[in-house]
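Below: one structure, written as structure tokens.
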Number of protein chains: 2
Amino acid sequence: MADTPYAPSRIRALPSWLLGRAAARGHRLVAEALAAEGMRMMHHAVLCAVAELGPVSQAELGRTVGIDPKDMVAIVNDLQKDGLVTRTPDAKDRRKNAIEISAEGKRRLRRTERLGDAANAELTAALSDEERAQLVALLTRIVTPGE
Amino acid sequence: MADTPYAPSRIRALPSWLLGRAAARGHRLVAEALAAEGMRMMHHAVLCAVAELGPVSQAELGRTVGIDPKDMVAIVNDLQKDGLVTRTPDAKDRRKNAIEISAEGKRRLRRTERLGDAANAELTAALSDEERAQLVALLTRIVTPGE
DNA sequence: AGGGAACCGTGGGTCCCACCAACGTAAGCA
DNA sequence: TGCTTACGTTGGTGGGACCCACGGTTCCCT
């Protein structure tokens with residue numbers, strides 16, 4: 001028999017392993033795509049969330065995208081430095097910063113969304129539309145175990 | 001209106017995002033489980049591969065599990081230090097190390113495999129057996145785009 | 001009204017994973 | 001024989017996720 005160089009290796013069938021591998025490929029594809037605009041995945045995610053939520057505090061932003069407040073500081077710093085969002089102290093609650101997307105941020109977001117979509121298309125190129133939807137549904141149930 | 005704190009946020013439907021989240025949860029669950037035996041995911045994967053492949057070089061090991069040779073060195077060091085594998089110079093090719101699992105390694109592997117399976121069961125607890133198989137099939141096609 | 005609890009933003013740091021560059025040694029091939 | 005390739009090892013970079021602690025602010029309960 002021809003070789004098939006490496007044995008199937010029991011772990012290759014474990015969901016956790018496959019998820020790790022698939023996520024790594026997805027991350028690589030998306031990161032490469034977004035790099036064309038000088039963005040990273042988390043920056044894009046945060047920018048996207050800001051666009052959807054309107055003026056919002058960093059803490060709430062962190063909760064929606066599920067990242068540490070500490071890391072959010074650096075991301076918002078970067079986005080602000082590039083003029084993609086504005087960070088103004090909230091008049092009603094002076095603990096908060098009101099983060100809002102700028103016009104330039106919206107333009108950037110439109111481009112990065114297209115890049116991200118293209119990368120995701122490549123990531124799931126081997127799947128039919130129906131299978132892609134299936135995958136999304138299954139993953140959604142995995143990531144939200146409590147709901 | 002009741003709140004539903006965060007908007008669906010467009011990115012939450014992207015495969016790459018969901019994969020990252022699901023992988024993070026899977027990694028956390030498995031890592032916690034394996035920590036009971038003082039093992040990490042990559043150590044378990046390598047040990048598993050060694051058990052399947054028999055005496056094998058580090059380079060081939062790295063190819064099968066898909067990790068950097070540099071990282072493989074550290075992992076084999078750890079496994080050897082714990083007496084789970086043996087690393088002997090290959091007589092036929094003196095560049096290579098022949099890595100082989102030890103009796104203690106086999107015992108450890110049996111335990112970590114059970115722990116890993118349990119963690120994966122919890123990870124996919126929301127899915128039926130059929131759905132789990134579906135997920136594995138879909139992920140497999142994503143991680144091996146060229147085949 | 002007062003005081004403790006909770007929360008926000010920020011800085012400190014840790015751990016794990018992925019990847020790249022280089023080098024000495026050894027094998028394979030022309 | 002010399003050239004090319006491969007193996008193992010050391011060095012380092014960077015991103016992602018996570019945790020702790022602090023000062024400032026607001027909320028809530030008594």
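No experiment lies behind these values; they were computed from the predicted model shown.
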Could you state the [atom1]-[atom2] distance from [X] to [N], rounded to the nearest angstrom?
{"X": "B/Met41", "N": "C/dC15", "atom1": "CE", "atom2": "P", "answer": "19 Å"}
{"X": "B/Glu32", "N": "D/dC18", "atom1": "CD", "atom2": "P", "answer": "10 Å"}
{"X": "A/Asp68", "N": "C/dG12", "atom1": "CG", "atom2": "P", "answer": "15 Å"}
{"X": "A/Leu79", "N": "C/dG9", "atom1": "CG", "atom2": "P", "answer": "15 Å"}
{"X": "B/Leu61", "N": "D/dA6", "atom1": "CG", "atom2": "C1'", "answer": "16 Å"}
{"X": "B/Arg63", "N": "C/dC19", "atom1": "CZ", "atom2": "C1'", "answer": "17 Å"}
{"X": "A/Ile75", "N": "D/dC18", "atom1": "CD1", "atom2": "P", "answer": "13 Å"}
{"X": "B/Ile67", "N": "C/dC16", "atom1": "CD1", "atom2": "P", "answer": "14 Å"}

Worksheet item: In Å, rounded to the nearest 0.5 Å, how long is the span from CZ of A/Arg40 to OG1 of A/Thr112?
Response: 14.0 Å

Fill in: Atom pair CG/CZ of A/Leu123 and A/Arg28 - distance to nearest 0.5 Å
9.5 Å

Taking 4.0 Å as the cut-off, does a side-chain nitrogen or oxygen of [X] come that near to OP1 or OP2 on [N]?
{"X": "B/Arg28", "N": "C/dC17", "result": "no"}
{"X": "B/Arg25", "N": "D/dA17", "result": "no"}
{"X": "A/Arg40", "N": "D/dG15", "result": "yes"}
{"X": "A/His27", "N": "D/dG16", "result": "yes"}

With a 4.0 Å cut-off, would you call [X] and [Y] a salt bridge?
{"X": "B/Asp117", "Y": "B/Arg114", "result": "no"}
{"X": "B/Glu113", "Y": "A/Arg10", "result": "yes"}
{"X": "A/Asp93", "Y": "A/Arg95", "result": "yes"}

Practice prompt. Nearest-nucleotide wise, let me know which of A/Asn77 and A/Ala24 is further upstream toward the 5' end of DNA chain C.
Written response: A/Asn77

Worksheet item: Given that A/Arg87 and A/Asp71 both sit by DNA chain C, which one's nearest nucleotide is further toward the 5' end?
Response: A/Arg87

Look for any protein N or O under 3.5 Å of an N or O in nucleotides 24-30 of chain C and output each such pair with its distance, or none.
unit_1, atom_1, unit_2, atom_2, d
C/dA27, OP1, B/Arg94, N, 2.8

Discussion item. Of the options C/dT10, D/dA17, D/dC7, whose atoms approach the side-chain atoms of A/Met42 most closely?
Written reply: D/dA17

Worksheet item: With respect to the side chain of A/Arg21, which nucleotide from D/dT10, C/dC17, C/dA18 is positioned closest?
Response: C/dA18

Fill in: Trace of the side chain to side chain contact (heavy atoms under 4.5 Å, CB included) decision for A/Cys48 with A/Leu109
CA-CA 7 Å; A/Cys48 191; A/Leu109 180 58; 4.1 Å; yes

Discussion item. If we ignore hydrogens and angles and just use 3.5 Å, is the side chain of B/Glu37 paired with the main-chain N or O of B/Arg111 as donor and acceptor?
Written reply: no

Fill in: Donor-acceptor pair under 3.5 Å, B/Lys70 side chain vs D/dG11 base
yes

Worksheet item: Base, sugar-phosphate, or nothing for B/Met72, non-hydrogen atoms under 4.0 angstrom?
Response: nothing

Worksheet item: Is there a salt bridge (charged side-chain N to carboxylate O under 4.0 Å, His left out) between A/Glu131 and B/Arg141 once you walk through the steps?
Response: CA-CA 11 Å; A/Glu131 289 169 331; B/Arg141 288 166 57 196; 2.9 Å; yes

